[in-house]
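Letters A, B, ... mirror the listed sequences (proteins, then strands); counts begin at 1. Nothing here was measured: the structure is a model prediction, and the numbers come from that model.
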There are 2 protein chains.
Amino acid sequence: MPANPPLNPLLHPAEGLTILDRLWYIIPWVHTCARDKCMATKPDPKKSRVSIKDIARAAGVSHSTVSRALRNSPLVNPETAAYIRQLAQEMGYIPNVIAQSLVTQRTYTIGVIVTSISDPFIDRIVEGIEDLATREGYSVFLCSSHADPGREIAVVESFHRRRVDGMIVIASRVGSLYTERLQELQVPIVLINNQAEGEYIYSVSVDDESGALAGVQHLLDLGHRRIGYVGCHFRPPSNRRRLEGYRQALRRAGLPYLSDLVVHPRTFSDIENGRQALDQLVAAGATGVLCYNDRTAIGLMTRAREQGVRIPDDVSVVGFDDIEASWYVSPALTTLRQPRFEMGHAAAEMLLALLAGEEVSDRVFPCQLVVRESTTPPGDRRT
Amino acid sequence: MPANPPLNPLLHPAEGLTILDRLWYIIPWVHTCARDKCMATKPDPKKSRVSIKDIARAAGVSHSTVSRALRNSPLVNPETAAYIRQLAQEMGYIPNVIAQSLVTQRTYTIGVIVTSISDPFIDRIVEGIEDLATREGYSVFLCSSHADPGREIAVVESFHRRRVDGMIVIASRVGSLYTERLQELQVPIVLINNQAEGEYIYSVSVDDESGALAGVQHLLDLGHRRIGYVGCHFRPPSNRRRLEGYRQALRRAGLPYLSDLVVHPRTFSDIENGRQALDQLVAAGATGVLCYNDRTAIGLMTRAREQGVRIPDDVSVVGFDDIEASWYVSPALTTLRQPRFEMGHAAAEMLLALLAGEEVSDRVFPCQLVVRESTTPPGDRRT
DNA sequence: CTGTTAGCGCCTTCAC
DNA sequence: GTGAAGGCGCTAACAG
């Protein structure tokens with residue numbers, strides 16, 4: 001990691017006349033003459049992609065001059081530079097990033113590893129990463145691990161072969177084990193919501209504990225006294241922290257921790273877990289429930305509908321994440337919002353800072369209580 | 001596009017002992033001695049990444065022999081090959097795909113352009129693409145265009161600079177205009193659910209018309225006679241086809257086409273469009289509605305809830321797409337399922353076939369009616 | 001079977 | 001200001 005990072009050529013392409021280039025789809029014939037010229041200059045039919053050398057030949061200069069001109073080097077005559085740039089433009093030259101990468105040793109790519117792209121929680125994070133990365137001239141490789149640690153490290157190696165400048169792993173199953181290997185990898189890795197045990201240096205996460213605490217506090221404020229928690233057994237660290245927030249809230253309120261009110265279904269589907277939790281919680285007399293995440297809450301709600309348990313009249317429900325669906329299910333879900341897009345942004349920011357040789361420190365985002373329709377004061381139906 | 005494509009080195013890495021390698025996170029010290037050896041051989045502290053030459057030096061052979069051995073060429077003595085592979089393994093050699101790409105002129109990457117990653121419709125398609133691509137040793141670049149044609153072509157160029165082997169564009173806004181440029185680009189592009197006017201050669205799409213027809217037919221079968229349609233003005237081609245399916249169904253049933261029953265709200269949010277459509281449709285006396293997509297239907301349902309319009313008692317609703325949320329909203333949504341994962345798969349398959357120099361033809365997928373709770377026979381409340 | 005020689009397309013000293 | 005030369009890491013003829 002160089003202390004003084006080079007300019008990203010993808011951000012500062014400097015070919016000139018790019019506005020025209022962007023309009024090819026409106027006036028596709030603008031380049032016709034230029035293409036003919038190119039063909040005349042270089043009649044090889046197989047390899048018609050124009051390189052820096054072709055331009056050099058056409059311009060009657062050396063390829064190094066072309067190289068310089070194209071990257072706006074001050075060490076070249078402004079006039080020849082302009083001519084070269086125009087020529088490049090006309091000939092339809094498109095720089096070969098592969099070749100650039102080989103010599104500069106930077107690819108301006110980052111690898112992003114997710115458990116699943118179609119997870120409504122993750123997609124916004126990816127969007128945040130992609131947004132910042134693109135803006136900074138980086139491209140992102142996306143690969144899913146399907147929550148399999150073996151896959152995860154296989155992907156890391158695959159990214160490594162591609163010489164990505166850095167990686168971001170969402171909900172990593174390997175997590176802190178990267179630390180040991182990091183120096184060997186020589187590639188910075190930032191973790192978002194790490195789901196493996198242990199601490200990891202570069203990470204972005206959400207404040208699970210105070211989030212859960214705020215959720216339970218909300219139920220307490222409404223007057224609930226028998227509050228349940230539906231956990232997630234396959235995301236141990238965040239589940240532990242959310243459970244801790246739950247306990248903390250009860251403790252503060254002087255309420256006992258009742259194990260009947262805490263359930264950890266064993267399926268690997270959030271929705272199914274929610275569905276399975278309902279009956280036990282109702283039996284235990286819960287009037288309010290904090291769920292590990294929105295999908296769990298939604299699953300619980302679908303089951304409630306089938307069972308004739310009314311939400312929120314019979315039991316109030318609080319989710320976690322604030323996925324899009326949470327506000328258009330019926331009743332709309334009260335939840336703890338994770339600023340996912342911002343978290344993606346932050347992770348990308350941290351990675352780029354790392355690449356620029358800067359010091360970085362972990363970021364923990366607070367979550368925000370969003371009150372909707374799924375929570376009300378407890379009814380007196382139970383008597 | 002070579003007629004006889006080379007083997008993908010990412011799929012056939014052939015370093016041997018990969019099982020051990022995959023276990024580094026369990027026993028991270030296994031490579032220690034090898035690393036020491038490497039260090040001893042090449043004490044340069046800055047550039048400690050081992051290359052093919054380092055291995056050659058360590059093994060006492062030429063780098064081309066190493067290259068051959070590493071790619072399982074039969075032109076090398078099995079014993080030395082084994083030795084070299086082991087050495088590579090021990091020294092922690094990781095092939096440089098960038099360098100490989102430069103010489104082979106293939107990057108084994110594909111670029112995927114989406115309108116938005118967090119669109120629940122799109123994410124499954126991306127998943128399908130990624131699944132097949134990964135399996136075939138390709139990596140995927142993901143970039144979003146935010147439905148902006150200018151962005152879309154900018155991304156195409158950016159991918160072009162990176163020398164992706166091919167691209168897939170979901171819901172393209174440029175569409176058939178690629179055709180003209182395609183020969184210049186020299187990179188195959190496959191379109192999924194093209195949303196620009198005009199025909200395009202390589203495309204994967206869903207049969208909008210018969211889908212919509214089936215949806216309306218379902219309502220007709222239930223006994224509905226006043227059936228509305230909520231369209232989408234910013235996806236003209238598919239909207240036109242779905243509308244055509246709607247008309248077709250009415251025509252077959254001998255029902256007139258009533259413009260009061262067809263509404264195209266002008267916002268750019270599916271959900272908001274659904275919300276805005278409700279009042280007019282109710283005023284027009286619709287008892288059943290086909291919506292452009294599930295989010296539109298869900299928006300319409302949220303508005304109905306607010307207005308006291310009961311679904312499905314007062315009006316039956318049919319969506320399109322079958323996004324995850326459609327089955328856990330209340331009432332669960334009757335919809336036309338698009339096989340999104342398979343469509344992503346098909347697009348990737350088509351692209352790889354193109355890269356292998358094979359002939360391909362368009363694919364159109366049928367959609368499947370999924371009946372849930374949002375549709376029932378019309379009540380007689382209206383009298 | 002193996003080593004030598006050329007590049008792939010580009011950037012970068014180093015001379016002129 | 002500009003060109004010549006070397007090299008990034010690897011593959012692919014071509015000779016031995």
Listed partners of B:V76 passing side chain to side chain contact (heavy atoms under 4.5 Å, CB included), at least two apart: B:T65, B:T80, B:A81
OP1, OP2 of D:dG9 versus side-chain N and O of B:S51: anything below 4.0 Å? no
Partners passing salt bridge (charged side-chain N to carboxylate O under 4.0 Å, His left out) against B:E136 (at least two apart in sequence or in another chain): none
Indicate, with a heavy-atom threshold strictly under 4.0 Å, whether A:I52 touches base, sugar-phosphate, or nothing. sugar-phosphate
Once side chain to side chain donor-acceptor pair (under 3.5 Å) is applied, do any residues pair with A:S64, and if so which ones, sequence neighbours excluded? A:S62
Measure from the side-chain heavy atoms of A:L102 and tell me the nearest of C:dT2, C:dG9, C:dC11. C:dG9
Is the phosphate of C:dC11 approached by A:S67 (side-chain N or O, under 4.0 Å from OP1 or OP2)? yes
On the nucleotide D:dT11, are OP1 or OP2 found under 4.0 Å from the side-chain N or O atoms that B:Q105 carries? no
For B:Y83 and C:dC1, give me the distance from atom OH to atom P, rounded to whole Å. 19 Å
Going by the rule side chain to side chain donor-acceptor pair (under 3.5 Å), which residues pair with B:D165 if we only count those two or more places apart in sequence or in a different chain? B:T107
Among all residues two or more places apart in sequence or in another chain, which pass the side chain to side chain donor-acceptor pair (under 3.5 Å) test with B:S203? B:D362
Length of the line joining B:K53:NZ and D:dC10:C1', which is rounded to integer Å: 9 Å
Taking CG from B:L75 and P from D:dA15, how many angstroms apart are they, rounded to a whole number? 16 Å
For B:S145, what residues pass the side chain to side chain donor-acceptor pair (under 3.5 Å) criterion, not counting sequence neighbours? none
By the 4.0 Å heavy-atom rule, please label A:S101 as base, sugar-phosphate, or nothing. nothing
Side-chain N or O of B:Q100 less than 4.0 angstrom from OP1 or OP2 on D:dT11? yes
Measuring to OP1 and OP2 of C:dT2, would you say a side-chain N or O of B:T80 lies under 4.0 angstrom away? yes
Contact list (N/O, under 3.5 angstrom) for nucleotides 4-6 of chain D vs protein:
unit_1 : atom_1 : unit_2 : atom_2 : d
D:dA4  : N6     : A:S64  : OG     : 3.4

If you measure from CG on A:N96 to NE2 on B:H160, what distance do you get to the nearest 0.5 Å? 9.5 Å
Pairing donors with acceptors under 3.5 angstrom, does anything connect the side chains of B:E152 and B:S172? yes
What is the distance from CG of A:D54 to C1' of C:dC10, rounded to the nearest Å? 13 Å
Report the distance from atom CZ of B:R106 to atom P of D:dT11, rounded to the nearest whole Å. 15 Å
Five pairs per end, C1' atoms only: what is the angle between the end axes of the helix from C:dC1-D:dG16 to C:dC16-D:dG1, to 10 degrees? 50°
By side chain to side chain contact (heavy atoms under 4.5 Å, CB included) - contacts of B:V103 (at least two apart): none
